[in-house]
Amino acid sequence: MNETIFIGVAWPYANGHLHQGQVVGTFLPADIFARFHRQRGDRVLMVSGTDQHGTPVTVRAEQEGRTPQEIADEFHQSFLRSLDWLGITMDLFTTTGTENHRDVVHDIFLRLREKGDIFKDTMVMPYCPNDERFLPDRYVEGTCPNCGYEEARGDECENCDHSMDAIELINPRCKLCGTTPEPRESEHYFLRLSAYNDKVKDWVSKQEHWRPYVSSFTLGVLNAGLKDRAITRDLEWGIIVPTDDMGPEKRIYVWFENVIGYLSAAKEWAEAQGEPEAWRDFWQNRECRSYYFVGKDNIFFHTMSWPMALMAYGDADGKPMNLAYDVPANHFNNVAGRKASTSRNQAIWINDLIDRYDPDQIRYYLCATMPETSDSDFTWKDFVARNNNELVATWGNLVHRALTLTYRNFDGKVPEPGELDDRCQNLLRDIEDGLASIDEQIGLCHFRAGLATAMSLAQETNKFLDETAPWKALPDDRPSAARSLYTVLCAINGLKVAFSPYLPFSAERLHGYLGFETRLAEDGWQLIRPPAGQQLLEPQPLFAKLDVEIAEEEEERLAS
RNA sequence: GGCAGCGUAGCUCAGGGGCAGAGCAGUCGGCUCAUAAUCGACGGGUCGGAGGUUCGAAUCCUCCCGCUGCUACCA
């Protein structure tokens, strides 16, 4: 009963290195989900890429006196390194800078324009006569019309949190030169979201398996009513509008364009496979389920505007496009109580961790504190504590004590168990039931719960070892010790599968220590009993314990 | 301002009409295979406050207090 699963991961902006918030909020849950489904034998396509457009990229480029393309290329390479090190198994991690993406965006744009769902209108934008350019909202400063704060930004007042359009500011100033911008009419294309409000609402109302936060936020916006929204801007950085009637300085704005990357990446992947039509299995096959892993600030685009665009495109094309089956949006992971932020340079940067930690240790901590239901906090002290007290003590130590005891006393081979008694059978049944529970939990995107289930099974196996005490039985009841250790090796082999989506590197190592010469993937999602007599490899500890001082050093690095 | 969420043990959090839970930290004990890891026991809470619905409320409703997020351009 194999399934087909499409996984889209939110596209990080190329304005800084990848940080822990992006990983724990999007890439890690997506990867756990993808690995789990592959282990079950399901067909998975997981794509994402670098969003090279957008204001944050041009801001950074201007700050550094470089071109936006240089910035985008640098961070794209950085993303690839970080994702590879963490073991995030993307089928394709591309960028929004490809010709393919531009063509797909143009195709959707033109189809929706033919259909009337993209239309031309004018809007009033602040224009700086000195710099001879239209200004994005955050390039305008002035006095807040709500509270009188004089340093308010054009998109939001930092003093009273009032959000506004830049043209509402009193005494506006251009952030670049201080000149007073003038309101000037500008012609733009708009997306007719309003026409799809009811259709989107009908669809969302049926999604009873969505996280309550995602549903209630989405329905709240839909009940207020979607407004048509401009999808072009007066910019020089971005995908050009595929019509020449507006002049060359208009670009398609990122919020409309970057989500199209999910489709263009699927097409790029198919082309690379030598099967150019293979993307259809994930987009037009009704049996395929699509999941989008995003942060909570991205919910609007994934539950409303992107589904709307897909509905319209599917209509125009005559072939319905698959909408999201689920958008398991995560909350935020703060750093020592403060919001992680690329532009404020405040986060745990993944490329700083490379070669200093074991990626599974980072994956374990991030998953254990994944912000599934509310914001969570990254602290180095907690990282070290959880690593030592949970990952090393419970799971790593179970493996190490069982393997060393067996290796030293049974010729480095899986012992011959004789007949298993009830206690042994019960443990193995509990592990098998546990694999079924974790299957259900990960399937519902309850990643923390699945990890907790696996850890509690490791505890139960530790308890079994203590109660059967093979080290005591060895001198005068060798068959009992053999039975106990054989059972524990079976249990560990089942737990190896349970942990494999979470801790893929150590699971693969353990697979080797247990004497298998295959890949772990060949086990499937089940407990396989290692054959008696199978030659083990000499075991090494799965995870390193961390010195408590590391937490203090890292806290200092963070503060500096 | 609008919308949403949170407030539960010293700490981090789960639970969500039917006897208040887990991990960590603390105390005591067992074991000595294991990275001083592990296994067991114990102590510890007016479930933010006040009302209401109910046979029964941590859970549902109303109000209040405190914190947070989103509000359509930084996951």
Side-chain angles (χ1 to χ4, degrees), chain A residues 9-13 15-16 18-27 51 54-57 59-60 136-138 146 154-156 160-164 193 212-214 216-217 219-221 223-224 226-227 229 233 253-255 293-301 304-305 329-334 339-344 347 368-369 371-377 379 381-382 385-386 388-390 392-394 396-406 408-409 448-449 452 455-456 459 462-467 469-472 474 481 484-485 488 539-546:
Chain A
V9 190
W11 296 46
Y13 274 126
N15 68 325
L18 196 69
H19 65 67
Q20 105 290 345
Q22 294 161 309
V23 170
V24 72
T26 65
F27 287 103
D51 184 348
T55 313
V57 180
V59 167
R60 179 141 190 164
D137 286 352
R138 61 172 59 197
N146 189 49
D155 55 343
E156 183 187 47
C160 70
D161 289 336
H162 176 71
S163 62
M164 67 198 113
L193 286 159
Y213 182 86
V214 176
S216 61
F217 171 79
L219 288 171
V221 176
N223 285 333
L226 291 173
K227 293 177 202 137
R229 215 174 126 67
R233 278 288 196 281
Y253 204 53
V254 274
W255 72 263
F293 288 86
V294 305
K296 64 179 167 185
D297 57 329
N298 231 329
I299 292 173
F300 174 81
F301 305 108
M304 290 174 264
S305 65
N330 275 315
H331 294 249
F332 292 129
N333 183 241
N334 298 316
K339 189 179 173 185
S341 163
T342 299
S343 55
R344 281 196 301 255
T369 58
E372 286 177 4
T373 52
S374 59
D375 289 358
S376 64
D377 206 25
T379 70
K381 199 178 155 199
D382 193 38
R386 281 178 177 271
N388 292 353
N389 297 332
E390 299 175 20
V392 173
T394 303
N397 187 51
L398 167 67
V399 169
H400 197 55
R401 67 195 296 214
L403 287 180
T404 51
L405 198 55
T406 308
R408 287 174 196 164
N409 293 288
R448 276 189 320 200
M455 286 301 274
S456 73
Q459 278 181 341
N462 267 319
K463 186 175 173 177
F464 173 93
L465 249 193
D466 266 49
E467 286 174 358
W471 53 89
K472 271 191 197 168
L474 268 171
S484 164
L485 286 171
V488 170
Q540 302 295 322
L542 276 187
F543 311 105
K545 217 175 151 172
L546 297 173

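Order of the sequence lines sets the chain letters (A, B, ...), proteins ahead of strands, with each chain counted from 1.
- For the residue pair A:Q20 and A:N333, a side-chain donor N or O sits within less than 3.5 Å of a side-chain acceptor on the partner.
- The partner of B:rU46 cannot be assigned: no Watson-Crick or G-U wobble pair with both contacts below 3.5 Å exists in any strand.
- Counting to the nearest Å, the C1' atom of B:rC74 and the CG atom of A:L18 are 14 Å from each other.
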Query - Contact letters for nucleotides 35-40 of chain B, in which S counts primed atoms plus P, OP1 and OP2 and B counts the base, heavy atoms under 4.0 Å - result: B-SBSS

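- The same atom, P, is picked in B:rA37 and in B:rA57; the two are 44 Å apart, to the nearest Å.
- A:V24 and A:P371 make their closest contact through CG2-CD, 3.8 Å (heavy atoms, listed as atom of the first residue, atom of the second, distance).
- Classification of A:K296 and A:D375 as a salt-bridged pair holds, one side-chain N sitting under 4.0 Å from a carboxylate O.
- B:rA36 is unpaired under the Watson-Crick or G-U wobble criterion, no partner having all donor-acceptor distances under 3.5 Å.
- Using the Watson-Crick or G-U wobble rule with both distances under 3.5 Å, B:rA57 pairs with nothing in any strand shown.
- The shortest distance between the side-chain N/O atoms of A:R448 and the OP1/OP2 oxygens of B:rA14 is below 4.0 Å.
- Here, B:rC11 and B:rG51 have their P atoms 26 Å apart, quoted to the whole Å.
- Annotation: B:rG7 and B:rC28 have their P atoms spaced 34 Å apart (nearest Å).
- Nucleotide B:rC73 is matched to nothing when pairs are restricted to Watson-Crick or G-U wobble geometry with both distances under 3.5 angstrom.
- For the C1' atom pair drawn from B:rG43 and B:rC24, the interatomic distance equals 16 Å after rounding to whole Å.
- Of all nucleotides present, none satisfies the Watson-Crick or G-U wobble test against B:rC31 with each distance under 3.5 Å.
- Between B:rA14 and B:rA72, the distance separating the two P atoms is 28 Å to the nearest Å.
- The nearest whole Å value for the distance from the CG atom in A:L465 to the P atom in B:rC33 is 13 Å.
- In this model, the phosphate group of B:rA14 is approached by a side-chain N or O of A:T373 to a distance below 4.0 Å at OP1 or OP2.
- Positionally, the nearest nucleotide of RNA chain B for A:S216 lies more toward the 5' end than for the other of A:N330 and A:S216.
- On a pure distance criterion of 3.5 Å, a polar donor-acceptor pair joins the side chain of A:T55 and the base of B:rC73.
- One C1' atom belongs to B:rC3, the other to B:rG18, and the distance between them is 34 Å to the nearest Å.
- Distance check on atom C1': B:rG15 versus B:rC63 gives 26 Å, rounded to whole Å.
- Under the Watson-Crick or G-U wobble criterion, with both distances below 3.5 Å, B:rA4 is paired with B:rU68.
- A distance of about 15 Å separates the C1' atoms of B:rG48 and B:rU68, rounded to the whole Å.
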